[in-house]
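Working notes, structure below.
Computed from a prediction, not measured in an experiment: that's the story for all the values here.
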Amino acid sequence: MNEITPEQIAQHYSAAMDSVNLINAGQPEGMTDEDWADTVKRNKEHLEIMLAKDFWTTEDLTPLQAAAA
């Protein structure tokens with residue numbers, strides 16, 4: 001397996017933080033409860049996958065852990 005670069009780690013962290021920010025922002029106006037529940041589920045699954053990765057270095061994973069809970 002290829003070693004992951006610092007740039008790739010930064011991209012993964014940024015994508016994970018997008019999920020954190022989306023969850024923390026709450027349900028957008030006009031989105032159905034069903035769609036919101038599905039969106040939250042998918043983003044929490046994404047965060048769980050990201051938290052299981054072993055390539056993290058000094059990134060603060062606390063926001064990912066909190067949003068995935």
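- Taking the side-chain hydrogen bond (donor to acceptor under 3.5 Å, both in side chains) definition, one finds that His12 meets it with nothing, sequence neighbours left out.
- Nearest heavy atom pair, residue Ala15 against residue His46, reads O-CE1, 3.6 Å.
- The shortest side-chain heavy-atom distance between Trp56 and Leu51 does not fall under the 4.5 Å cut-off.
- How far CG of Asn43 is from CE of Met50: 12.0 Å, rounded to the nearest 0.5 Å.
- Counting all heavy atoms, side chain and backbone alike, Lys44 lies closest to Ala68 at CD-O, 3.9 Å.
- Using a 4.5 Å heavy-atom cutoff, the side chains of Met17 and Leu64 are in contact.
- In this structure, Met31 is not a member of the same hydrophobic cluster as Ile23, with clusters built from ILVMFWY side-chain heavy atoms closer than 4.5 Å.
- Across all their heavy atoms, Ala16 and Leu47 have their closest contact at O-CD2, 3.4 Å.
- Although no hydrogens or angles enter the test, the distance criterion places a donor-acceptor pair under 3.5 Å between the side chain of Glu59 and the main chain of Thr57.
- For residues 23-41, every residue pair satisfying the salt bridge (charged side-chain N to carboxylate O under 4.0 Å, His left out) rule, not counting sequence neighbours, is listed here: Asp38-Arg42, Lys41-Glu45.
- Taking each heavy atom of Phe55 and Ile4 in turn, the nearest pair found is CB-CG2, 3.5 Å.
- Under the 4.5 Å side-chain contact rule for hydrophobic residues, Leu61 and Ile9 share a cluster.
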